Amino acid sequence: MGRLRSYVSKLLICMAVLAVKQALPDRSFTIDYDSNTFLKDGQPFRYVSGSFHYSRVPAFYWQDRLDKMKMAGLNAVQTYVIWNFHELKPGEFNFDGDHDILSFLKKANDTGLAVILRPGPYICGEWDLGGLPAWLLNIPGIVLRSSNDLYMAHVTEWMNFFLPKLRPYLYVNGGPIIMVQVENEYGSYQTCDHQYQRQLYHLFRANLGPDVVLFTTDGPGDHLLQCGTLQDMYATIDFGAGSNSTGMFQEMRKFEPKGPLVNSEYYTGWLDHWEHPHQTVKTAAVCTSLDQMLALGANVNMYMFEGGTNFGFWNGANYPTFNPQPTSYDYDAPLTEAGDPTPKYMAIRNVIGKYLPLPAGPIPPPTKKYAYGVVEMEFTATIYDVLDQLCPYGPIMTDYPITMEAMQQYQGFMLYRTKLPQDYTIANLTVDGIRDRGYVIIDQVWVGTLNRVNATTMNITGSEGMTLDIFVENQGHINYGSGLYDPKGIISNVTLDGAILEKWSIYSLDLDNILPKLQSLHRQGKRKMGNTVQERAPHWRDGGYVPSFYLGSFPNLSAIDPPQDTFLKSSGWTKGQAFINDFNLGRYWPRAGPQVTLFVPANLLRPSPVENTVLFLELERPPCFNQTEACTVEFIDRPIINSTVAARPDETFRDRKYIPEGHDFTNLKH
Ligand SMILES: CCCCNC(=S)N1C[C@H](O)[C@@H](O)[C@@H](O)[C@H]1CO
């Protein structure tokens, strides 16, 4: 009897496990090397995916973009995980709102899109420092993207903190993540350190388990794949339209003789740089190569499918000529920066429809756009009027300049101040290590602009004891290539006629909470100094102008409710930083081009009767500098990101011969 009872109890346990197993069907995502395909739950699976970086679109619009990607026939979405977007300052993490990647993953899963995740730690992506936090640059001896202990200590800490959050979102656990990329085009980087890759492999395995497919991505070249691939990680490639797909995949086959063909970054457009024409890729070329690859049975991820925006200071830069990318990351992608389907979207959808079933139902329409019209921008304060609020803790005193990162600041602007040690009729000011632009100001009068590309020196005039300020803009850390180690601020000594200037006061400038102070000054200004811009902008009287704040009140939003997307046109202004309410919208530089408008997503606007503000920090010359034009901006209902570009926008200012008014230099000895 006892044996029977034992047999029956074992039988019951087996039946219970089976029942649970059946309730949760066996989820698996694997590579079938015999059939050269992926298997999803044991069935052949080919993905057609699009890149969409959650950090470049407000969370408010994530679902809208995912729906449009689904309706294009995609069955997967690819995104980077951007380390510095979650840990801008060491130990200070942000996973809320627009930084809530887990919410993004849930939305993708609910939309029926698999996720191809690329957690780096380096991700390139025309993003500040390729996603690496800039505070790594402050660690003496660190070697980025290598097995260097200093670098790996921080990578390990970050990955051991972050990767476990992904476990519930892995496909085998009921989530959308089917594949995880390790590093990013590592074969294109000079370190070529396989120990680093091995360490990353073990770090990812230790945190994500044995099942998830780990892969690498590299350009389709022997050297690139030699340095970029590693055993146990599936080697994929990337290439753009117009390439011979068969030939490209032959390169991949040298490293993956069997298994599915994968193009992890099929470029649907291309990246832009300030001062260079907007880049586009013809729809026909994109569709021809896409069709070729899908006909070969390849898995394709289109980079980008939704480009979005480099809000705030988040853009990166290219090198060796320092070329920062603009605020728009439209990328000439199938979905515009504002998420609107384009003719390219429709053409790509038709190609996909030849290979995959297209979801029934309408394609979500473009979001509504509204032209809110002209807004008067009134001069409110120079940076000097609010220096105490911009730098509440006061300056750091040093013998010689130190970098922005050493000041524990990782984005934006910094003010370097010293005194002229003697009289100068004409003296050569040299700042070889200006990173990246520097506005030279003597006794609060702008006298010239330096930049790292072609203006690291200029002549100045001044007398002993005058204040020499250099207001430095960090235009975005280099995100690709050998120049990745790119500290900002002033990274060298400053000399006058060859003599090193000493005794510096360095002001770290925080723009995050300046609006209330400016609004109060704006109100005061209206009372004390009259209403016209001219009456209230004394700093123009002497013909010079220093970086200054201009405030405008949005027109009454009751015209339409709820608020709609709009585009902030900066024509007439020179270069600066724009804010909508308290959101850092991004950089504007219409004088350089090609971008003239900034995309303003509707969620940044507050419905009536709340007042909305637009704030400019204009670094150079506002439209009303000559007191004939008005200082205004205009909100229009369409983007302008392909304007003509100025040869070198700085030429018009660089050699400006200016002697600050009210200072008599005629008797100065040299
Ligand atoms: C001009 C050099 C561009 C280097 N970047 C390249 S090739 N790319 C590959 C890179 O992996 C991706 O993040 C993007 O940066 C993409 C360009 O959009």
Side-chain angles (χ1 to χ4, degrees), residues 53 55 80-95 99 101 118-163 181-186 188-193 195-200 202-204 207 310 312-319 322 324-325 396 401-412 414 433 435-436 452 472 474-492 506 508:
H53 303 154
S55 58
Y80 285 126
V81 176
I82 300 101
W83 181 1
N84 59 13
F85 196 58
H86 299 289
E87 191 182 7
L88 178 62
K89 296 182 178 179
E92 294 182 25
F93 296 100
N94 186 350
F95 289 97
H99 302 245
I101 182 174
R118 308 208 284 176
Y122 162 83
I123 59 108
C124 195
E126 288 69 66
W127 189 268
D128 186 65
L129 197 53
L132 294 175
W135 44 266
L136 292 176
L137 301 178
N138 207 20
I139 300 167
I142 197 166
V143 179
L144 301 177
R145 303 183 72 189
S146 80
S147 55
N148 167 269
D149 292 346
L150 297 167
Y151 172 72
M152 277 310 293
H154 293 286
V155 168
T156 302
E157 188 175 9
W158 161 246
M159 290 298 181
N160 284 339
F161 170 73
F162 173 72
L163 292 179
Q181 181 182 290
V182 176
E183 247 279 355
N184 190 80
E185 289 198 322
Y186 188 59
S188 301
Y189 195 60
Q190 68 266 17
T191 43
C192 192
D193 180 346
Q195 187 187 346
Y196 167 50
Q197 290 174 294
R198 179 61 61 199
Q199 288 170 347
L200 289 180
H202 288 302
L203 199 49
F204 279 52
N207 284 292
N310 297 316
F313 300 113
W314 287 118
N315 65 279
N318 273 307
Y319 184 78
F322 180 75
Q325 294 109 21
I396 300 288
I402 63 175
T403 66
M404 188 176 273
E405 290 79 15
M407 291 284 290
Q408 298 180 32
Q409 179 178 335
Y410 308 108
Q411 299 183 318
M414 247 165 67
R435 297 289 183 274
D436 302 305
R452 67 188 281 178
V472 179
N474 162 355
Q475 290 184 271
H477 289 92
I478 291 167
N479 64 273
Y480 177 77
S482 59
L484 197 63
Y485 190 89
D486 178 29
K488 298 295 188 182
I490 295 179
I491 66 169
S492 70
I506 307 177
S508 191

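Remember, it's a predicted structure, so these values are computed and weren't measured experimentally.
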Enquirer: What distance separates Gln409 CD from Met404 CE, expressed to the nearest 0.5 Å?
Expert: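 If we round to the nearest 0.5 Å, Gln409:CD and Met404:CE are 4.5 Å apart.
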
Enquirer: Counting C-beta onward and ignoring hydrogens, is there a side-chain heavy-atom pair between Gln197 and Val182 closer than 4.5 Å?
Expert: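 SC-SC contact between Gln197 and Val182 ruled out.
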
Enquirer: Would you check, one step at a time, whether the test side chain to side chain contact (heavy atoms under 4.5 Å, CB included) holds for Trp314 with Gln411?
Expert: CA-CA 8 Å; Trp314 287 118; Gln411 299 183 318; 3.3 Å; yes

Enquirer: Quick one: sort the Phe161 and Phe95 rings into parallel, tilted or perpendicular, breaks at 30° and 60°.
Expert: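 Rings of Phe161 and Phe95: tilted, 30 to 60°.
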
Enquirer: Flag yes if more than 12 heavy atoms outside Ile396 fall under 6.0 Å of its CD1 atom; otherwise flag no.
Expert: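 12 or below, so no.
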
Enquirer: Taking the side chain from Asn84 and the backbone from Ala134, do they hold a donor-acceptor pair closer than 3.5 Å?
Expert: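 No, Asn84 side chain to Ala134 backbone: no donor-acceptor pair under 3.5 Å.
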
Enquirer: How far apart are the C-alpha atoms of Lys488 and Asp128, what are their side-chain angles, what is the distance that settles it, and do they pass the salt bridge (charged side-chain N to carboxylate O under 4.0 Å, His left out) test?
Expert: CA-CA 12 Å; Lys488 298 295 188 182; Asp128 186 65; over 6 Å; no

Enquirer: Between Trp127 and Tyr80, is the gap from one ring center to the other below 6.0 Å?
Expert: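 Judged by ring-centre distance (under 6.0 Å), Trp127 and Tyr80 do not meet the cut-off.
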
Enquirer: Is Pro121 close to Met159 at the side-chain level, that is, under 4.5 Å between some pair of heavy atoms?
Expert: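 Answer yes - side chains close enough.
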
Enquirer: Please check: side-chain N/O of Trp83 versus main-chain N/O of Val155, any donor-acceptor pairing under 3.5 Å?
Expert: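 It does not hold such a pair.
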
Enquirer: Using side chain to side chain contact (heavy atoms under 4.5 Å, CB included), reason through Asp436 and Phe322 one step at a time and then give a plain yes or no.
Expert: CA-CA 9 Å; Asp436 302 305; Phe322 180 75; 3.4 Å; yes

Enquirer: Under 3.5 Å, is there a donor on one side chain and an acceptor on the other for His477 and Glu405?
Expert: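 Yes, a side-chain donor-acceptor pair sits under 3.5 Å.
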
Enquirer: Report yes if the side chains of Trp135 and His154 come closer than 4.5 Å at any heavy-atom pair, otherwise no.
Expert: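 Yes - at least one pair of side-chain heavy atoms lies under 4.5 Å apart.
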
Enquirer: Examine the side chains of Asp193 and Ser146 and answer whether a donor and an acceptor come within less than 3.5 Å of each other.
Expert: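 No pair is found: no donor N or O on one side chain lies under 3.5 Å from an acceptor on the other.
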
Enquirer: Is there a side chain to side chain contact (heavy atoms under 4.5 Å, CB included) between Thr403 and Leu137? Walk through the geometry before answering.
Expert: CA-CA 10 Å; Thr403 66; Leu137 301 178; over 6 Å; no

Enquirer: Regarding Asn479 and Gln325, do their side chains bring together a donor and an acceptor under 3.5 Å, going by distance alone?
Expert: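 Present: a donor and an acceptor within the cut-off.
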
Enquirer: Stepwise, does the side chain to side chain contact (heavy atoms under 4.5 Å, CB included) test hold for Ile402 with Met407?
Expert: CA-CA 7 Å; Ile402 63 175; Met407 291 284 290; 3.6 Å; yes

Enquirer: Answer yes or no: does atom CD of Gln190 have more than 12 heavy-atom neighbours from other residues, nucleotides or ligands under 6.0 Å?
Expert: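 Check passes, neighbour count above 12.
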
Enquirer: Side-chain contact, heavy-atom cut-off 4.5 Å: Ile123 with Val81?
Expert: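 Side chain of Ile123 against side chain of Val81, heavy atoms only: no contact under 4.5 Å found.
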
Enquirer: Check each of Tyr186, Tyr151, Tyr196 against Thr191 using the side-chain hydrogen bond (donor to acceptor under 3.5 Å, both in side chains) test, and report the only one that passes.
Expert: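 Result: among Tyr186, Tyr151, Tyr196, Tyr186 is the only option passing the side-chain hydrogen bond (donor to acceptor under 3.5 Å, both in side chains) with Thr191.
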
Enquirer: If we only count heavy atoms from C-beta on, is the Val143 to Leu150 side-chain gap below 4.5 Å?
Expert: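 Sidechains of Leu150 and Val143: no contact.
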
Enquirer: Going by heavy atoms in the side chains, are Phe85 and Ile101 under 4.5 Å from each other?
Expert: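 No - every pair of side-chain heavy atoms lies 4.5 Å or more apart.
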
Enquirer: Is the shortest heavy-atom distance from the side chain of Tyr122 to the side chain of Glu183 under 4.5 Å?
Expert: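 Side chain of Tyr122 against side chain of Glu183, heavy atoms only: contact under 4.5 Å found.
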
Enquirer: Within a reach of under 6.0 Å around CG of Asn94, are more than 12 heavy atoms found that belong to other residues, nucleotides or ligands?
Expert: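 Yes, enclosed.
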
